[in-house]
Amino acid sequence: MRCSLSISSERRVLCVFPAYTPSFGTFAHAFRLMYRVRAFMPPQGLLLIAAYLPASWPVRFIDENIAPAKAADFAWADIVMVSGMHIQAPQINDIAARARAKGKVTVLGGASVSGAPELYPQYDYLHIGEIGDATDRLIACLDDSVAAPAAQRRFETNERLPLSDFPLPAYDLIRLNRYLIGSLQFSSGCPYRCEFCDIPALYGRQPRLKTPEQITAELDAMLAQSFCPPVVYFVDDNFIGNRKAAREMLPHLIAWQRKHGYPLQFACEATLNLAKQTEILALMREAQFLTVFVGIETPDAEALKAMRKEHNASLPMLEAINTLNSYGLEVTSGIILGLDTDTADSESRLKAFIDLSQIPILTINLLQALPRTPLWDRLQRDGRLITDDAGLESNVRFLRPYDEVVATWRRCIAYAYDPERLFARFTHQVDATFANRMVGPVRGKLTIANLRNALVLAFNIAFRVGILADYRRPFWRAARHALRRGQIDAVLGIGFAAYHLIEFSREALRGDQNASFYSTLKRERKLESQPLRKSA
Ligand code: SF4
């Protein structure tokens, strides 16, 4: 539902979503292989706010991952609304500077400001927490006046809007064909309390849910566009945070797929104990889930216990990964280095895990303490938080020497993304995972747009990876293996993902990317070198 306040003024709202810095998980390098794709996935939070605003307020939506907001956009607006995560902090502040230079009132909401409002003194209004009573109070305030307040004002949500009352995100304000994948939210919150994670503090431990009807209505809205990305990502913090709800929703997803001829495939994030939920796994296979991101973090059971992530060790890790693979789910994994439990052996154990698990895509990052986490509190107590801009890759004072931790990270990504090893892991997936996927009807996927995009992708992969790349031999070896098993789509998927991962890891090894996903080290430098953004 929309905001139900009675409104007296018309306000033009410019919603601006900040750019991401490329990472292992955003596939930014591979966009150039695709037709018109410029960004990873639509920003759910800001699209939700845009949909909730009063119907009489015109809204313009700019995702700066696609193109920067122009001077004319700022000139048009009465209010500039921004949302983002900690990893986007420099870009969030950059947008505020541009908006204020045009004399516009600025509003910031989303995960980062909710966790660390003190990072954003330059915004006029801060919206802290999820959509709810604070949103209504903020809208009433902006309806009253769009003059910048004398001092920053904060609105904090006490009563959240139930997810079942969430409006359909404003997909009509964006063009889905610019995105690699679609995004969809079913639940919010996670029942666990991993030490480094801010999700329980921000979104609660009791997952809250949309109805299955909301989910299928959102899919209808996406499909109504001239082109919808063929894979949709459930952005839920943990897809099985409420197992019963996931089990009950999936049959609706399957029915929707059947009705439309299986036009889409899905991906999500979940804890590794998903492997115990065979009923859910069977339903996910039937709904055509392809990938699950699992925060494995470390293969070391003692380290998992120390970070309160024992649930990942509730059954043997490799066995759990094999189980997920047997339902056609490719596992992608987050890995953290720089843990207090790391020893001189951690590197060799991680490399062994990469070989044994055969997981192709691993986002390997250095530990970073986020505000509103037990880790933050512990490190602060122990005097191990680096709060000044020390030019380091992390805000954690590691127990092991800093240079050694960063060198370990470099050696691990060099090992993981060595082309021979990477393509060997993909080759394993052809038999262990892709062969187990349900072969559903293709009617829903047979659209002119899908065929055109597949042709463009096939041509670019053949040219850039199959001819130009120095890793073309291992690529063709993996491609031949997949083709012999009739998996043409796997060849495209392997070429696409490998291209980004290899290019990105080479940049990182040259020192052009950060070792921590959250580090601002090179991000700030990049922002300074983007005059287009500064002057637009
Ligand atoms: S399981 Fe995942 S989402 Fe839940 S608290 Fe742990 S890291 Fe956060």
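These values consider heavy atoms only, across backbone and side chains, with no hydrogens, waters or symmetry-generated copies. The shown structure was predicted, so the numbers you read here are calculated from the model rather than taken from an experiment.
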Quiz item: With under 30° as parallel and over 60° as perpendicular, where do the rings of Tyr192 and His311 fit, or are they tilted in between?
Solution: parallel
Quiz item: Side chain of Asn65, backbone of Ala39: donor and acceptor closer than 3.5 Å?
Solution: no
Quiz item: Would Arg32 and Tyr499 count as having a side-chain donor-acceptor pair, cut-off 3.5 Å?
Solution: yes
Exercise. Answer yes or no: is there a donor N or O on one side and an acceptor on the other, between the side chain of Asp236 and the main chain of Phe186, under 3.5 Å?
Key: yes
Exercise. Step by step, work out the side chain to side chain donor-acceptor pair (under 3.5 Å) result for Thr427 and His481.
Key: CA-CA 7 Å; Thr427 302; His481 188 78; 6.0 Å; no
Quiz item: Without hydrogens or angle criteria, can the side chains of Asn238 and Thr271 be said to hold a donor-acceptor pair below 3.5 Å?
Solution: yes
Quiz item: Relative to the ring of Phe239, is the ring of Phe289 parallel (under 30°), tilted (30 to 60°) or perpendicular (over 60°)?
Solution: tilted
Quiz item: In terms of side-chain heavy atoms, does His86 have a donor or acceptor partner in Ser112 at a distance below 3.5 Å?
Solution: yes
Practice problem: Consider only side-chain N and O atoms of Asp355 and Tyr415, and report whether a donor and an acceptor are under 3.5 Å apart. | Solution: yes
Exercise. Answer yes or no: is there a donor N or O on one side and an acceptor on the other, between the side chain of Arg38 and the main chain of Ile66, under 3.5 Å?
Key: no
Quiz item: Sub-3.5 Å donor-acceptor pair from the side chain of Asn436 to the main-chain atoms of Asn325, do we have one?
Solution: yes
Quiz item: Side-chain donor-acceptor pair under 3.5 Å between Tyr171 and Glu218, yes or no?
Solution: yes
Quiz item: When you measure from the side chain of Lys445 to the backbone N and O of Tyr262, does any donor-acceptor pair fall under 3.5 Å?
Solution: yes
